[in-house]
Trainee: 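One structure, as structure tokens, below. Some questions next.
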Amino acid sequence: MACRTYSFLMRMLLSALCVAALLAFTSRSVAAQAFDASNLRTPVQLGAAGVVQVGDNPAYSQPDFDDSHWLPVDAKKSPSEYFPQQQSPIIWRRLHVKVSPQQTDLALQAYFISRAFEVYVNGQKLIDSGGVDPYVAYTRNARLIAHIPEAQLRTGSLVIAVRARAPLTFWSSPSHAFNGPMLTLGDESILRERNLLSMIGENAISVMENLLALGVGLVALALFISQRQRREYFWIFCLGLLNGVTLPFLFLCLVRNISVNRWALVEAFQFGIYVVLLLIVQAFLRKPLGRFLWTCSIASFFIAVACDEVFFYGLVPGSWDAFFVIPIGIIFSGVVPILLFRQLRRGDREAGILLIPMLLSSVWVYAYIGLGLVQLIPPLAASAYHAWQTINAFPVGIINVGLADLGNLSFNFSLAIIMVLRSTRMSRQQAVLENEMAAAREVQQVILPEQVETVPGFTIESVYQPAQQVGGDFFQILPDGRGGLLIVVGDVAGKGLPAAMLVSVLVGAIRTAAAYSQSPSEVLCQLNERLLGRTHGGFSTALAAHITADGWVTIANAGHLSPYLDGKEVDLPGALPLGIVGTAAYEAIQFHLPHGSRLTFYSDGVVEAQNPKGELFGFDRAKHLSMQTAASIVQAAVQFGQSDDITVVAIRRASAIATAA
């Protein structure tokens, strides 16, 4: 009897415990579905609330559907812990929310739910992104906000149902299946303000990176235009351009989700960025990377882009993402830093500056791959995933900073630092060069006479206007000691310091030759011998004239412009310029310079002056002005548009009356 009584009491106790457990489970299930938003003052996150079920049934979106048998959402569970044996490609979630019928501005925000999902409120679809079935993958970075219709709010209760695509990547993820930010309920204006702040915080570094790359690229383009031999400037510009082109796509993905197929265009730009990065490194190394390395690099780029597309569609486990980075990581985190380090050891400081961001990016790649591999170990998967998220987006105030972003920013800063250092070095070199040019100009002013020794019976004018600080024109007016003059006018091919150095050689040669002979032909022959082998493929034109005291002019030409006698061009025989062949002969002619007549010598800078319309000053204008003063002729050519050195020498023989006097 006692045994039967004891057995009966035990059965009653077990029954009571079962009933209590059932009531507790039921109460937890009901509590999990209920949320009171009737007195909602600030937005609240609902992403980790509600109940969940796999499979697909249109009735799941209806408010009167019985979801009491669904599993409650647990914010700490991974996807595979909900339905270990039923990993369906579609998953539903439902939330019951109590609202006040007087609420009018209530809105719902969906974020990072899936690459394809739909959100229903009391059976009415408010938000959708991508295609759930058939599956069309979309990006998921945009916070989508939809106003809840007042007709639904007046019912006093809302049933929010989410239909989402759940590919293999979802079920294999070690992270929590559902989190609060996935769904947020609140006042629409407040949600949009917070959305804007979140967009700024999460993307400020990426936008800054792209804008910095674009700015550095534009500066590099300006430098490349002036320094075409610096190929790295062109590739830096291409890098900035590619970053600038991707920026609108990044902004677009913040306000709306786009199909992965369209996102493939951004992947193509990313492929271009990889290639340009290697071209930049190759330019700084000043030697080709080699066919084998380029082949491996291009293959790794294709693998990275192709794997991204596969991962977007969720066709592989989420942990495989770490393996996709390995090929490209070998190139940029292994080979490139080694090449830069070797270049640094050779004394190249610029390679050392580039090595710093490469090492920083390498740390991110190593951490990314390492934590991805650790996620394959079940006991460590959750911790590794949390650490993986931290290195990709570490919060600093409202701004998220990733290790990869720091690497990209530092790379663009390194390029900017290199260009600044180069510009500083070039400025110092330019200052030294300007000092040297100023010294050369002083020397040239000494050897090219500003004031000519007075010769009785002749009026001499000379004006020299170089196009740069120093020029390639030269002239000498030397008395012959018998009341006559020896005049040599010429033009060295080219401009600047090299031409000025040849001018100094020629002026010295003219004075040496004049000491032995006043014959124009002999003077030109000696100048020709002096220039042979010194012009490095160039040449010089020259014209020599000897005017006796009684007005006889002997003149020889070596490819120079003919002078003007009283406004008429003197017809001279042609001859090769100086410095071309050693056997050149220079034929001389003779004519008389009457009293009061004027002989005007030009350099080609006069006739080749060019105005903004592209018109040349020309021989007609030069002939028309040949009777004016030398200063007036030079002024007219300069105002028309000087493009070359200008020299004008004018000799006027005194009139007979003045001579008699």
Side-chain angles (χ1 to χ4, degrees), residues 448-449 452-462 473-491 506-531 539-604 622-623 626-627 630 647-656 659:
L448 295 179
V452 181
E453 183 178 344
T454 302
V455 178
F458 295 97
T459 301
I460 303 171
E461 300 175 39
S462 65
D473 283 4
F474 61 93
F475 69 95
Q476 290 290 294
I477 305 172
L478 305 173
D480 65 359
R482 300 187 299 272
L485 295 171
L486 177 64
I487 304 160
V488 181
V489 179
D491 181 7
L506 287 168
V507 169
I510 291 170
R511 291 181 176 273
T512 301
Y516 295 97
S517 174
Q518 280 78 43
S519 169
S521 297
E522 292 182 10
V523 169
L524 292 181
C525 286
Q526 292 190 39
L527 295 182
N528 183 55
E529 292 177 2
R530 180 60 66 91
L531 278 188
F539 60 89
S540 173
T541 64
L543 186 149
H546 180 239
I547 307 175
T548 63
D550 55 358
W552 284 100
V553 180
T554 304
I555 187 167
N557 188 18
H560 199 72
L561 296 180
S562 296
Y564 291 91
L565 176 59
D566 293 335
K568 296 180 180 181
E569 184 177 352
V570 178
D571 188 14
L572 296 178
L576 289 174
L578 305 175
I580 296 180
V581 295
T583 58
Y586 303 99
E587 181 183 352
I589 66 168
Q590 194 175 49
F591 60 88
H592 189 258
L593 182 66
H595 290 290
S597 292
R598 176 187 179 90
L599 190 61
T600 306
F601 301 87
Y602 287 163
S603 68
D604 57 5
K623 179 180 179 180
S626 63
M627 293 300 291
T647 300
V648 176
V649 175
I651 309 294
R652 180 185 292 274
R653 190 180 180 201
S655 64
T659 303

Trainee: His560 side chain to Pro577 main-chain N or O, any donor-acceptor pair under 3.5 Å?
Mentor: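 Here the side-chain-to-backbone pair does not exist.
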Trainee: Starting at CG of Leu565, measure out to CE of Met627 and round the result to the nearest 0.5 Å.
Mentor: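 If I round to the nearest 0.5 Å, the distance is 8.5 Å.
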Trainee: Just by distance, do the side chain of Tyr602 and the backbone of Ala622 share a donor-acceptor pair under 3.5 Å?
Mentor: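 Yes: the side chain of Tyr602 pairs with the backbone of Ala622.
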Trainee: So, do Leu599 and Phe591 sit near enough that their side-chain heavy atoms are less than 4.5 Å apart?
Mentor: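 Leu599 reaches Phe591 side chain to side chain.
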Trainee: For Asp491 and Thr541, which I'm curious about, is there any donor-acceptor pair between the side chains at under 3.5 Å?
Mentor: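 Side-chain D/A pair, Asp491 to Thr541: absent.
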Trainee: If I compare all heavy atoms of Gly567 with all of Ser626, which pair ends up nearest, and what's the gap?
Mentor: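 Looking at all heavy atoms of both residues, the shortest contact is CA-OG, 3.2 Å.
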Trainee: Which word best sums up how the rings of His592 and Trp552 line up, parallel for under 30°, tilted for 30 to 60°, or perpendicular for over 60°?
Mentor: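 Aromatic pair His592/Trp552 classed perpendicular.
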Trainee: Check whether any side-chain heavy atom of Ile589 sits under 4.5 Å from a side-chain heavy atom of Val570, and report yes or no.
Mentor: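 They are in contact (side-chain heavy atoms under 4.5 Å apart), so the answer is yes.
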Trainee: Please examine the side chains of Arg482 and Thr548, heavy atoms only from C-beta on, and report whether any two atoms are closer than 4.5 Å.
Mentor: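 SC-SC contact between Thr548 and Arg482 ruled out.
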Trainee: Side chains of Ile555 and Phe601: does their closest heavy-atom pair fall under 4.5 Å?
Mentor: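 Sidechains of Phe601 and Ile555: in contact.
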Trainee: Could you go step by step and tell me if Gln476 and Val507 meet the side-chain contact (heavy atoms from CB on, under 4.5 Å) rule?
Mentor: CA-CA 7 Å; Gln476 290 290 294; Val507 169; 3.7 Å; yes
Trainee: Could you tell me the separation between the OG1 atom of Thr554 and the CD atom of Gln590, rounded to the nearest 0.5 Å?
Mentor: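 The CD atom of Gln590 is 4.0 Å from OG1 of Thr554, to the nearest 0.5 Å.
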Trainee: Starting at CG of Asp604, measure out to OG1 of Thr647 and round the result to the nearest 0.5 Å.
Mentor: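 Output value for this atom pair is 9.0 Å.
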Trainee: Taking all non-hydrogen atoms of both residues into account, name the closest pair between Leu543 and Pro563 and its distance.
Mentor: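 In terms of heavy atoms, the two residues are closest at CD1-CD, 3.7 Å.
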Trainee: What's the spacing between Ile510 CD1 and Ile487 CD1 if we round to 0.5 Å?
Mentor: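 Between Ile510 CD1 and Ile487 CD1, I get 12.0 Å after rounding to 0.5 Å.
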Trainee: Kindly give the heavy-atom pair with the smallest separation between Ala544 and Pro520, and that separation in Å.
Mentor: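 Residues Ala544 and Pro520, closest heavy atoms: O-CB, 3.3 Å.
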Trainee: Answer whether the closest heavy-atom distance between the side chains of Tyr586 and Leu578 falls below 4.5 Å.
Mentor: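 Side chain of Tyr586 against side chain of Leu578, heavy atoms only: contact under 4.5 Å found.
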Trainee: Here's a test for you: under side-chain contact (heavy atoms from CB on, under 4.5 Å), which of Thr459, Val455, Val553, Ile547 qualifies with Ile651?
Mentor: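 Output: one option passes, namely Ile547.
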Trainee: Less than 4.5 Å apart, side chain to side chain, heavy atoms only: is that true for Leu485 and Ile460?
Mentor: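 With C-beta onward as the side chain, the pair touches.
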Trainee: Provide the closest heavy-atom pair for Ala650 versus Arg598 in the form atom of the first, atom of the second, distance.
Mentor: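 Nearest heavy atoms, Ala650 then Arg598: CB-NH2, 3.2 Å.
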Trainee: Looking at Ile580 and Asn528, what are the two nearest heavy atoms and their distance?
Mentor: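 Closest pair (atom of Ile580, atom of Asn528, distance): N-OD1, 4.0 Å.
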Trainee: Going by heavy atoms in the side chains, are Glu569 and Lys623 under 4.5 Å from each other?
Mentor: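 No - every pair of side-chain heavy atoms lies 4.5 Å or more apart.
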Trainee: So which atom in Leu593 and which in Arg653 form the shortest heavy-atom distance, rounded to 0.1 Å?
Mentor: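 Smallest interatomic distance, heavy atoms only, reads O-NH1, 2.9 Å.
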Trainee: So, Glu522 side chain and Ser517 main chain: donor-acceptor pair closer than 3.5 Å or not?
Mentor: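 Side chain of Glu522 to backbone of Ser517, a donor-acceptor pair under 3.5 Å: no, none is there.
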Trainee: For the atom pair CG (Asp550) and NE2 (His595), what is the distance rounded to the nearest 0.5 Å?
Mentor: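 Here the interatomic distance stands at 9.0 Å.
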